[in-house]
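Keep in mind the model is a prediction, meaning the values are calculated, not measured.
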Amino acid sequence: MRKFLVILDDSRECLNAMRFAAMRAAHTGGGVTVLSIIPPDEFNHWIGVGELMREEERERITVHYEVFAKWMRDRQDVEPELVIREGEAVPEILAHVRENPDVGVLVLGAGEGKKGPGPLVTQMTRAAADLPIPITIVPGTMTKERLEAIT
C-alpha cells in the first residue's frame, strides 16, 4: 500500500497538508503516516530534566495528532499512523523515507503571504534530488472545498 507522508508541526499550513494526504489516501486506497520531529536542541538540559521534557513533548505531539487522526478516521475512513523522530527535520524526513519503501509521496503545506512557503518547504525542495519519491506542496490558502475537488 502506498502511504502519504505528512509532517505534523505547529504551523497553520499543516492542516491543509493533513487534509490533502487523508483525502488522497481515501480516494486511492492508500495510507497516511504522520511524522513529527522533535528538534535536538529542545532538551539540552540535565539528563533527568531533558528526559522529562522529551516525554512531555511526545505527549503534546500525540494529543495534537489525535485531533487529525480522529478526523481522518471519521471523515475519510483512513487509519493514520504516528511516527515521532528526534533530530534535524530534513535529515529525519529523508531517513524515514529511505527506511520505509511503502511511503510514496511526501505532502507538505506551504505558508501564505510574504513570509514565503516556510522553512521546511524551502529546505525540502532543496533536498528533493535526494528523495526517491515526489513532493506534493499544498498551498496554505487553499479552501477545504477546493481540496475536496482536486483530491
4.5 Å side-chain heavy-atom contact, M72 and E79: no

R75 atom CZ, over 12 foreign heavy atoms within 6.0 Å: no

Worked check of side chain to side chain contact (heavy atoms under 4.5 Å, CB included) between M23 and Q76: CA-CA 6 Å; M23 289 179 196; Q76 302 301 321; 3.8 Å; yes

Closest contact, heavy atoms only, I37 versus A89: CD1-O, 3.6 Å

Step-by-step side chain to side chain contact (heavy atoms under 4.5 Å, CB included) determination, H64 to E59: CA-CA 9 Å; H64 195 182; E59 288 175 21; over 6 Å; no

Salt bridge present between E55 and R60 (N-O < 4.0 angstrom): no

D77 CG: over 12 foreign heavy atoms closer than 6.0 Å: no

In one Ile/Leu/Val/Met/Phe/Trp/Tyr side-chain cluster, 4.5 Å: V32, I150: yes

Side chain to side chain contact (heavy atoms under 4.5 Å, CB included) evaluation trace for H96 with E92: CA-CA 6 Å; H96 183 82; E92 290 301 323; over 6 Å; no

Minimal non-hydrogen separation, V83 against R85, with atom names: CG1-CG, 4.0 Å

Exam field: side chain N16 to backbone G109, donor-acceptor pair closer than 3.5 Å: no

Interatomic spacing from OG in S36 to CD1 in I84 - rounded to 0.5 Å: 6.0 Å

Considering all heavy atoms, the nearest L147-M142 contact: CD2-SD, 3.5 Å

Side-chain donor-acceptor pair present, T33, E81, cut-off under 3.5 Å: yes

Ion pair check, R58 and E86, cut-off under 4.0 Å: yes

CA sep, side-chain torsions, deciding dist, call: F68, L8, side chain to side chain contact (heavy atoms under 4.5 Å, CB included): CA-CA 9 Å; F68 291 112; L8 173 64; 3.5 Å; yes

R12 and E112, any side-chain heavy atoms less than 4.5 Å apart: yes

Nearest-0.5 Å distance that lies between atom CH2 in W71 and atom CE in M18: 10.5 Å

For P40 against E88, the heavy-atom pair lying closest together: CG-OE2, 3.3 Å

Atom pair CD/CD of E145 and E148 - distance to nearest 0.5 Å: 6.0 Å

Whether R24 side chain and T151 backbone form a donor-acceptor pair below 3.5 Å: yes

Non-hydrogen side-chain atoms of V105 and L5 separated by less than 4.5 Å: no

If you look only at distance, which donor and acceptor atoms sit under 3.5 Å apart when one is on a side chain in residues 129-139 and the other is two or more places apart or in another chain?
none

Heavy-atom closest contact (A21 atom, V6 atom, distance): CB-CB, 4.2 Å

Y65 side-chain N/O to P80 backbone N/O, donor-acceptor pair under 3.5 Å: yes

Separation of K144 NZ from L15 CG (nearest 0.5 Å): 9.5 Å

Any donor-acceptor N/O pair, N100 side chain to D102 backbone, under 3.5 Å: no

Nearest heavy-atom neighbours spanning C14 and I7: SG-O, 3.5 Å

Note, L94 side chain near R98 side chain (heavy atom, < 4.5 Å): yes

